[in-house]
Amino acid sequence: MEQGCERKTPGTRPVTAEATEQRLAGRLRRGLLAALVAAAVAVPLAGAARPQAPAPPPAQLPPPAVAGLDATYAAHRANAAEAARTAAEHGYRNHAAIERALAERQLLYFDGRGAGLVTEVLGDLAHADRVAVLVPGSDTGIDTYARFRATAVALHQRLTREAPTGVRTAVVAWLGYETPGTLSPSVATTGRAKGAAPELRSLVRDLRAVAAPRARVSLLCHSYGSVVCARAAGGLDVDDLVFLGSPGTGADTAADLRTRARVWAARGAADWVEHVPHLDAALFGTTVGLGTDPVSEEYGARVFSAGDGGHSDYFAPGSLSLANLTRIVLGHTREVTR
């Protein structure tokens, strides 16, 4: 049989190679969705039985203001120091060491209970003209905070080097919600994002009250963090909304986010999230799966180049991804490579 000829079976319509390929692709998609649904139902929550260090409740303070910003930092530093002492007394030495380090930083919020919540500021927030807020994905807590903070440090250093004369910058590392485990049912639904969205909106309002008038605010959302940002998008006063290595946002299109912000998306060539099925299905009153791929044409985001990096490489020093993120935050959007 010559190449490209149709295969025929007596009594049936001709089956083209294209039709066969589409049928196989459909089976693959259904299989991937079935695996996703099974994981959402059957996979135990990673680390659920792991004991967590005890900690005092967070400091109760009014919303931050320019005049009282140093006092806000000091109160949360004191709380982190107390949490470190408590953890050490109960034998959690590594955890205590992390909290002692946090007690030396500019903390806009700290809660050492459970997996932990931290909002850290790098730079002079009260005078910043450009503010970047980083929202992390799964498996991020106090015990893994160092790797998240490293992304904020890399961006802050690059912004400091490249900001035009007279333009001041700040980066906010926002671990403001209980992130899902990578191997957990919650990572395949918007449940955690729904709970986190009001907190993210509150943070952005606080930043607007503290930063320089008409400051440009960009939200950089990694992995499951993109689901959180998408859920909050309609109520966020931000200029740019960036999805990095997103498994889906829970929205079908960028227009569905109902935001005035520019919506960007990127995925590194070696990012495993490319193989996550971008589908969703109703299951027991819950939607499992996160929908349309944000870097797809049908989603409608501004897709930019992220280079050859993997899922954890978007803020790697010297990377194309970090260069483009810096351009977005600074407002140099015409220089972003697409």
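At a threshold of 4.5 Å between non-hydrogen side-chain atoms, the residues Pro63 and Ser202 do not count as touching. Between Thr337 and Leu320, the closest side-chain pair of non-hydrogen atoms falls below 4.5 Å. No side-chain heavy atom of Tyr92 sits under 4.5 Å from any side-chain heavy atom of Gln52. Using a 4.5 Å heavy-atom threshold, the side chains of Tyr109 and Leu61 count as separate. When side chains are defined from C-beta on, Leu175 does not count as touching Thr119, because their heavy atoms never get closer than 4.5 Å. Looking at Val121 and Tyr73, their side chains come closer than 4.5 Å, going by heavy atoms from C-beta outward. Taking the side chain as every heavy atom from C-beta outward, Arg113 and Pro58 approach each other to under 4.5 Å. Contact check for Pro294 versus Trp264: no side-chain heavy atoms found under the 4.5 Å cut-off.
Between the CD atom of Glu298 and the CG atom of Asp293 there is a distance of 7.5 Å, given to the nearest 0.5 Å. If you take CG on Leu236 and OG1 on Thr259, they are separated by 7.0 Å, rounding to the nearest 0.5 Å. Rounding to the nearest 0.5 Å gives a distance of 10.0 Å between CG of Leu200 and CZ of Arg205. In this structure, the separation between OG on Ser138 and OH on Tyr224 is 10.0 Å, given to the nearest 0.5 Å. The distance from atom OG1 of Thr333 to atom CG of Asp240, rounded to the nearest 0.5 Å, is 7.5 Å. The distance from atom CG of Leu220 to atom OG of Ser226, rounded to the nearest 0.5 Å, is 12.0 Å.
The shortest non-hydrogen separation linking Ala84 to Arg100 is CB-CG, 3.6 Å. Closest of all the heavy-atom pairs between Leu322 and Ala154 is CD2-O, 4.0 Å. Taking each heavy atom of Arg267 and Val273 in turn, the nearest pair found is CD-CG1, 3.5 Å. Considering all non-hydrogen atoms of both residues, Tyr314 and Ser321 come closest at O-OG, 2.9 Å. Nearest heavy-atom pair, Ala265 versus Val295, reported as atom, atom and distance to 0.1 Å: CB-CG1, 4.0 Å. Smallest separation of non-hydrogen atoms from Cys229 and Leu219: SG-CD2, 3.7 Å.
The pair Arg149-Glu120 counts as a salt bridge, with a side-chain nitrogen and a carboxylate oxygen less than 4.0 angstrom apart. A salt bridge does not link Arg214 to Asp129: none of the charged side-chain nitrogens sits closer than 4.0 Å to a carboxylate oxygen. The pair Glu162-Arg158 meets the salt-bridge criterion, since a charged nitrogen lies less than 4.0 angstrom from a carboxylate oxygen. Between Arg216 and Asp239 there is no salt bridge, since no side-chain nitrogen of the basic residue lies less than 4.0 Å from a carboxylate oxygen of the acidic one.
Heavy atoms of other residues, nucleotides or ligands lying less than 6.0 angstrom from NE2 of His127 number 12 at most. Heavy-atom contacts from other residues, nucleotides or ligands closer than 6.0 Å to CG of Asp308 number 12 or fewer. In this structure, Arg338 places its CZ atom where more than 12 heavy-atom neighbours from other residues, nucleotides or ligands lie under 6.0 Å away.
Residues in residues 54-67 take part in no salt bridge (charged side-chain N to carboxylate O under 4.0 Å, His left out) pair, two or more places apart or across chains.
Scored by the side-chain hydrogen bond (donor to acceptor under 3.5 Å, both in side chains) test, His222 finds no partners at all (sequence neighbours excluded).
With hydrogens and angles ignored, the 3.5 Å screen pairs no side-chain donor or acceptor of Ser246 with any backbone N or O of Val227. Although no hydrogens or angles enter the test, the distance criterion places a donor-acceptor pair under 3.5 Å between the side chain of Gln106 and the main chain of Gly123. A donor-acceptor pair under 3.5 Å links the side-chain atoms of Arg208 to the main chain of Asp237, judged by distance alone. Judged purely by atom type and a 3.5 angstrom limit, His90 uses its side chain to pair as donor or acceptor with the backbone of Thr86. Thr140 contributes no side-chain N or O that, together with a main-chain N or O of Pro136, makes up a donor-acceptor pair within less than 3.5 Å.
At a cut-off of 3.5 Å, with distance as the only test, no side-chain donor of Asn79 or His76 sits close to an acceptor on the other residue. Checked by atom type, the side-chain pair Ser223/His311 shows a donor-acceptor distance below 3.5 Å.
Put simply, Leu159 and Val242 are part of the same group of oily side chains (I, L, V, M, F, W, Y) that touch within less than 4.5 Å, one to the next. In terms of hydrophobic clustering, with Ile, Leu, Val, Met, Phe, Trp and Tyr side chains grouped at heavy-atom distances under 4.5 Å, Leu69 and Leu107 are assigned to different clusters. In the hydrophobic cluster analysis, where Ile, Leu, Val, Met, Phe, Trp and Tyr join through side-chain heavy atoms closer than 4.5 angstrom, Leu241 is grouped together with Val172. Grouping the Ile, Leu, Val, Met, Phe, Trp and Tyr side chains by contacts below 4.5 angstrom, directly or via other members, places Leu102 apart from Trp174. Note: the hydrophobic cluster containing Val228 also contains Tyr299 (ILVMFWY, side chain heavy atoms under 4.5 Å, direct or indirect links).
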Query - Test side chain to side chain contact (heavy atoms under 4.5 Å, CB included) applied to Leu134 and Val171, step by step - result: CA-CA 8 Å; Leu134 274 56; Val171 175; 3.9 Å; yes
**Report entry** Candidate pair Val153 and Gln157, rule side chain to side chain contact (heavy atoms under 4.5 Å, CB included), full reasoning
**Finding:** CA-CA 6 Å; Val153 170; Gln157 290 175 343; 3.6 Å; yes
Query raised in the report: Leu325 and Phe315: side chain to side chain contact (heavy atoms under 4.5 Å, CB included), yes or no, with the steps?
Result: CA-CA 8 Å; Leu325 291 171; Phe315 295 87; 3.7 Å; yes
**Report entry** Chi angles and distances behind the side chain to side chain contact (heavy atoms under 4.5 Å, CB included) call for Asp206, Val210
**Finding:** CA-CA 6 Å; Asp206 289 345; Val210 172; 5.6 Å; no
